[in-house]
Every structure is written in structure tokens, then in C-alpha cells.
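What follows is one structure encoded as C-alpha cells, with my remarks underneath.
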There are 2 protein chains.
Amino acid sequence: MNNIDTIIEHAEQNCKSHGSRLTTKRKQVLSLLVQTSKALSAYDLIDLFVKENGEKIPAMSVYRILDFLEAEHLVHKLKLANKYIACSHITCKHDHGVPQFLICSVCNVVKEITVNKSTINELNQSVEKAGFKLVSPQLEINCICNDCLATAA
Amino acid sequence: MNNIDTIIEHAEQNCKSHGSRLTTKRKQVLSLLVQTSKALSAYDLIDLFVKENGEKIPAMSVYRILDFLEAEHLVHKLKLANKYIACSHITCKHDHGVPQFLICSVCNVVKEITVNKSTINELNQSVEKAGFKLVSPQLEINCICNDCLATAA
DNA sequence: TAGCGAGATGTTACAACATATCATTTATGT
DNA sequence: ACATAAATGATATGTTGTAACATCTCGCTA
């Protein structure tokens, strides 16, 4: 039993505990995301799915499964990149601060960083004052990574 | 000469001053964005363009014009919503702090708020430490507005 | 002022991301 | 075992954005 199986197992128990089902297909898709630990598009997942499982999966199913996994807080959709990643909470029990996603707008690489909690709290206060609510304390931040910056110059 | 004409005129001078041309089509598109002061998708602009000017415009042209206007810092692309807005700097000469965009993920309404400069600086430091660079100090923040929150409940 | 060249626009086709709709299959409780 | 609800399949289509190549227009220079 390797680490990924443990994670999937854990996710399944989580689902079961409140009456939802982590079916085979859903496990397969989640597993792909957990294994790569990178952000993947729905169509990346379709391709990977065939490679890993020797079986096709319709786009519709992948989107439905991703919706389900999002609702279960097992994956996170990065709207800036139209990509999906396994939620870091699956593998990590304790918060070490508030994770934020840095997304390189050139090469689409995604990096998760930790930001001072007080900084996020300040931001949150400004947001609430404006009559909005943060969807998630995990911001998607549009950046350029140093590699791309160097290449462009 | 109304306010919008003044803005367009000003933008045109700006372009001229460094050798780029704010052509008729570009003015028409910019004008649509300045008038509505809301975030519009490229295809919203195509529809509006026909209504306002009684003349069709191809998607390709709109995208090219938006790229141009972005490069001129006359419009800003909201990647979270795949929409475009007139840059607030067109109408406002002085910075009143650092503007941030709050985007309601349900109804897509966009609100520009001001956040404490020190908060942004702290965030920026975390980003740089991770080897990334903010594309713009203007973050796009994925939120839910109170109206949608109330409706959902 | 004719015509050259760069930049702007038109046209067509298509790629990538996502959803609507309705049919079929599978799982679960009684 | 059967009724029901949930999950998945299949097909079509919507939305956002780009590639590639043709044509036009403006401003410069000979």
C-alpha cells in the first residue's frame, strides 16, 4: 500500500462519512491528480485517463467528476489557468499558514506558497468591507516565474 | 464634447506620443468599454459593437484590438472572468492606494476596492521569495458578493 | 504623386474548455 | 427482486480564443 493509495483510501472514508460515494471512476480521476501533483486541464485528464486505464472517458464525465471532487474539497479548480489540482489538504493534516497559488501566466507552472496569516486577514477585511466574501482564502495570483522572466529578457 | 470623448481623446494623444495609432475601430471598442464601465467578454463586445455601430466586427479583430488596448494600458483583462474592463487609470490621474478587483464567481459582477499598501507589499514579498513576480499589483480576487450569498441561502 | 512597406483588418478554419439534454447503467434500501 | 436515486454514457452544441493567410490603408520616400 503506497502513499497514493493511502490518500485515496482516506478520501473515500471522508466521503462515506457524509453519505457520498467515491466511485471507481472518481477514484481514478482523483488518483491522476494526486499522482501528478501538477495542475491539469480536464482534457489533460482525459488523455491521462486513457493512458493509465486503457479506457476512454467522455469529457462530460470528467467535468462531472471534477465538480464532485471539488464539492468534496478533494480538488481545487484554478480559474486563472482553467486547470485542476489535488487539494493540498488531502495530504496534509495541519495548516502551516494559508496556502496561495502562484500561477505563471507564461508557462502555467503552479507553485503553492505560504503567506503570513495576518496578511490574508487584512485582505479579507477589505473584501468584507466591500460587501464581498472570499470564496476561499487560497488566492490565485497571476505571476511570472523567474525562468520565464529570464527567457523573455 | 462629453466625458467619454475626452477620455478617448486623451487616450489617443497617449498613443500618438509613442508612435502607436488609436484607429477608428480601436476607439469604438475602447469607447464601448469606457461607457459601460463593467467587465465585458470579447463576445459581449462583438454584440455591443453591432448595436452601437450598425456594423459587424469579427472575433479575431476584437481580440487583436483588446490585445492592443491592453498593451497600451487602456484596458485590463480579468483572467478570472475572461472579461475586459477599461483601465481605471484612464479616468483617474492619481492613485488612491492599490486597486484590487473583486469578482463574484456567481454573477460576475466586478468591484474595484482599495487595499492597504502594506498588505500588498507583504504579499509581494512572499511571492518574490518564491521566485515569482506579480504581473500586476492589481489582484483578481475570486469572491461571492453579498447579493448572491443571500440568494443562495 | 506614385508606389512601397508596415501595420491594421478581414476571412476561414479550428483548438481548447465547458455544458445541455436525454438515454442507459449501477448501486442501495425495502 | 424491485423501485428509486445516483452515476455514467453519448451526442450535440456553446463559449472563448488562436492560427494562418489574404487584403486593405496609411504614411513615408523617391
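Per chain, numbering begins at 1; letters A, B, ... match sequence-line order.
- If you measure from atom CG of B/N53 to atom P of C/dT9, you get 13 Å, rounded to the nearest angstrom.
- Remark: P of D/dA6 and CZ of A/R26 are 11 Å apart, rounded to the nearest angstrom.
- Minimum interatomic distance between B/L139 and B/Q100 (heavy atoms only, all atoms of both residues): N-OE1, 2.6 Å.
- Within the 4.0 angstrom heavy-atom criterion, base atoms lie near B/P58.
- Note: NZ (B/K16) to P (C/dG7) measures 18 Å, nearest angstrom.
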Can you check each nucleotide of nucleotides 13-26 of chain C against protein heavy atoms at under 4.0 Å and return B for base, S for sugar-phosphate only, - for none, in 5' to 3' order? ----BBBBB-----

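- B/A59 and B/I46 get closest at one heavy-atom pair: CA-CD1, 3.6 Å.
- Rounded to whole Å, the distance from NZ on A/K27 to C1' on D/dT8 is 16 Å.
- Heavy-atom neighbours of A/K133 NZ from other residues, nucleotides or ligands within 6.0 Å: at or below the threshold of 12.
- Rounding to whole angstrom units, CG of residue B/L22 and P of C/dG7 are separated by 17 Å.
- Within the structure, every side-chain polar atom (N or O) of A/T23 is placed at least 4.0 Å from both OP1 and OP2 of D/dA6.
- In this structure, B/N124 contributes its side chain and B/N121 its backbone to no donor-acceptor pair below 3.5 Å.
- Side-chain nitrogen and oxygen atoms of B/K25 include at least one within less than 4.0 Å of the OP1 or OP2 phosphate oxygen of C/dG10.
- For the residue pair A/R21 and A/F68, the shortest heavy atom distance occurs at O-CZ, 3.4 Å.
- For B/I46 and D/dG14, the CD1 to P distance is 15 Å, given to the nearest whole Å.
- We find that CD of B/E55 is positioned 11 Å from P of C/dT11, with the value rounded to whole Å.
- Following rounding to the nearest Å, A/I57 (CD1) and D/dT8 (P) show an atom-to-atom distance of 8 Å.
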Report the C-alpha separation of A/V75 and A/I85 in whole Å, then their side-chain angles, then the decisive distance to 0.1 Å, and conclude whether the side-chain contact (heavy atoms from CB on, under 4.5 Å) test is met. CA-CA 6 Å; A/V75 311; A/I85 54 170; over 6 Å; no

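- Salt-bridge formation is not detected for the pair A/E140/A/K83: no Lys NZ or Arg NE/NH1/NH2 atom is positioned less than 4.0 Å from an Asp or Glu carboxylate oxygen.
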